[in-house]
Amino acid sequence: MTQLDVRPRAGDTVSGVAEGDVRSKGLGKGSVGLVGSAVIGISTVAPVYCLTSTLGSTAGEVGMQMPAIFLAGFLPMLLVAFAYRELNKAMPDCGTSFTWTVKAFGPRIGWMCGWGLVIATIIVLSNLAGVATSYFWLLAGEITGNESIAALDDNKLVHIATCLTLIAVATAISYRGMTATKGVQYALVGLQLLVLAVFVAMAFQKASAGTFDTGLDFSWSWMNPFAVESMAAFTAGLSLSIFMYWGWDACLATNEETTGSTKTPGRASLIAMVVLVGSYLATGVAAQMAVGAGGEGLGLANEETSGNVFAALAGPVMGPVLGVLLFVAVLASAAASLQTTFIPVARTVLAMSTYEALPPSYAKVHPKFKTPGRATVMAGVATGAFYTVMTLVSENVLTDTIFALGLMICFYYSLTAFACVWYFRAELRRSSRDLLFKGVFPVLGGLLLAAVFFKTLYDAWDPTYGSGSTIPGLGVGNVFVIGVGLLALGLVVMFVTERRSPAFFRGEVLTKSTPALVVED
């Protein structure tokens, strides 16, 4: 299909601004409203997928303090969300973290921030595809009543082939644009939230009836984060919790396509955050009351089931018929997120290419679908390659990549928060509002996430961190190798890009004085 090259040409203008000063990207304007933007944020996070992937791991790290950790993870996310909102008001650019940190700190720090976002998204996409694949075969086994069909997921070649097929389908759908499946996204998000509410209600019912021997009585002490046994356990749990909120910033990545581009994305991200923290707290408390947080039986921390909690709890909590709905909800959650998660990575790559920080071929938008087609395809290929390699290398790919993702999230979110403070530093004394929302809140959020990043790096050096898997001969855990390795790869790619695109890295293309793209609301 033909791609539209949207790189600037001499004499072109955007809203009266010379194209030499601002870069139009050719995305479809006004295609997303407030509700649609909030749905994109929730869908990208995929709450049901996040819960089945991390409820058990979080309970294994912090025990009964899991609800407290969900709240603790929400705090830095909320503080950073204020930074995103303020930056978006001033510079509604689909490059988000990349564009903003370049304007604040210069091209190299900004480039690495963009790399962190891109890599984090590829890790999530691979994880989503893996979970969707597992639930596809589990659901097929439940529907047919044939355990051998469900067991096909244990066949590595079948698993990889199915996963690559799902990635290809999601890439093709994302290539055609957001509006093509808007109704489907609404339905999938509504379905997973509805089924989650049913699960919570039935878990509370089972807890009150004392159905399971491992169940617990509710205690307000569960909300105390200071009761976690060690700082290492707290940091590991917090890293998982932060992962569970990741994706809300997809609302901001569509700012050039949103009606009310300076205000709507920020409001949508806050709506998404409130929905998520409410869902996580209700589910965490209900599940812990029903089956407990221990490692025996149906306990959430049971190592045999902790990586996929809902697969173990669906039947016992919801029964054989409704339990199938939970399988459907997880599959729907992963599938919906698999599509929308392409939004931030493709648009970040588009922006980086438009500003000459990546090869110009990625600065092309499809003339009909108004999407960054080549960047979307690149993300799909990278996701498939990453998941295939990780699956062949590690037996615990889902757990290890989730922990590594926490590193990437803390890396680029904290840089973006600090960029907000530095960019608006001259405005902080203008009013108490500016001081709080452009200064105090972002810097606190950035410091919290930076602390988690460095503490996780330190802890991940231990081979027992995460799943406990190691790469033979290295003597360190997979989480450390994945996280540090991907950041080091980013440095290599940046130096290669600098040789080919020196203008951007000399600060000649995107500076603080470069006007933001004016998007008509």
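Worth saying up front: this structure is predicted, and the values here are computed from it rather than measured. Positions are given from 1 along the sequence. The analysis underlying the following values was restricted to heavy atoms, covering all of them including side chains, and did not include hydrogens, waters or symmetry mates.
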Within the structure provided, determine whether [X] and [Y] are in side-chain contact (heavy-atom separation under 4.5 Å).
X	Y	value
L447	F418	yes
K438	L87	no
V45	S337	no
L125	I167	no
T121	T348	no
N88	D93	no
V124	L128	yes
I123	F386	yes

Derivation of the side-chain contact (heavy atoms from CB on, under 4.5 Å) call for Y412 and I119: CA-CA 10 Å; Y412 86 86; I119 291 301; over 6 Å; no
When you measure from the side chain of [X] to the backbone N and O of [Y], does any donor-acceptor pair fall under 3.5 Å?
X	Y	answer
S501	E498	no
W100	M91	yes
S353	V349	no

Carefully, step by step, assess L238 and L448 under the rule side-chain contact (heavy atoms from CB on, under 4.5 Å). CA-CA 10 Å; L238 191 60; L448 288 171; over 6 Å; no
Do L407 and L486 pass the side-chain contact (heavy atoms from CB on, under 4.5 Å) test, and can you show the C-alpha distance, the side-chain angles, and the key distance before you say yes or no? CA-CA 10 Å; L407 280 171; L486 290 174; over 6 Å; no
For R425, does the CZ atom sit with more than 12 other heavy atoms under 6.0 Å from it, leaving out its own atoms? yes
Do other residues, nucleotides or ligands put more than 12 heavy atoms under 6.0 Å from the CZ atom of R506? yes
How far apart are the closest heavy atoms of [X] and [Y], and which atoms are they?
X	Y	value
L428	L435	O-CB, 3.4 Å
G73	S241	CA-OG, 3.3 Å
T416	S97	OG1-OG, 2.8 Å
G284	F70	CA-CE1, 4.2 Å
S126	Y387	O-CD1, 3.2 Å
A351	T99	CB-OG1, 4.4 Å

Any chance you could measure [X], atom [atom1], to [Y], atom [atom2], to the nearest 0.5 Å?
X	Y	atom1	atom2	value
Y49	Q192	OH	CD	12.0 Å
M244	S57	CE	OG	10.0 Å
F98	M112	CZ	CE	12.5 Å
W422	F105	CH2	CZ	7.5 Å
D249	M77	CG	CE	8.5 Å
T376	I173	OG1	CD1	12.5 Å

Partner set under salt bridge (Lys or Arg N to Asp or Glu O under 4.0 Å) for R430, not counting sequence neighbours: E427, D434
Which residues pass the salt bridge (Lys or Arg N to Asp or Glu O under 4.0 Å) test with R85, not counting sequence neighbours? none
According to ring-ring contact (aromatic ring centres under 6.0 Å, His included), who are the partners of F82, at least two apart in sequence or on a separate chain? F437, F441
Can you list everything that forms a ring-ring contact (aromatic ring centres under 6.0 Å, His included) with W248? Sequence neighbours excluded, please. Y84, Y413
Using ring centroids (six-membered ring only for Trp), state whether Y280 and Y245 fall under 6.0 Å. yes
When you measure from the centre of the six-membered ring of W111, is the NZ or CZ of R108 under 6.0 Å away and within 45° of the axis? no
side-chain contact (heavy atoms from CB on, under 4.5 Å), that's the test. Do V274 and L270 meet it? Break it down for me. CA-CA 6 Å; V274 170; L270 293 176; 5.7 Å; no
Could you list the donor-acceptor pairs under 3.5 angstrom formed by side chains in residues 224-236, with sequence neighbours left out?
from: N224; atom 1: OD1; to: F226; atom 2: N; distance (Å): 3.0
from: S230; atom 1: OG; to: A233; atom 2: N; distance (Å): 3.1
from: T235; atom 1: OG1; to: M231; atom 2: O; distance (Å): 2.8

Tell me, please, which residues at least two apart from R267 pass side chain to side chain contact (heavy atoms under 4.5 Å, CB included). L34, K263
Intermediate values then yes/no, salt bridge (charged side-chain N to carboxylate O under 4.0 Å, His left out), R433 and E86: CA-CA 11 Å; R433 184 202 176 280; E86 297 304 319; 2.8 Å; yes
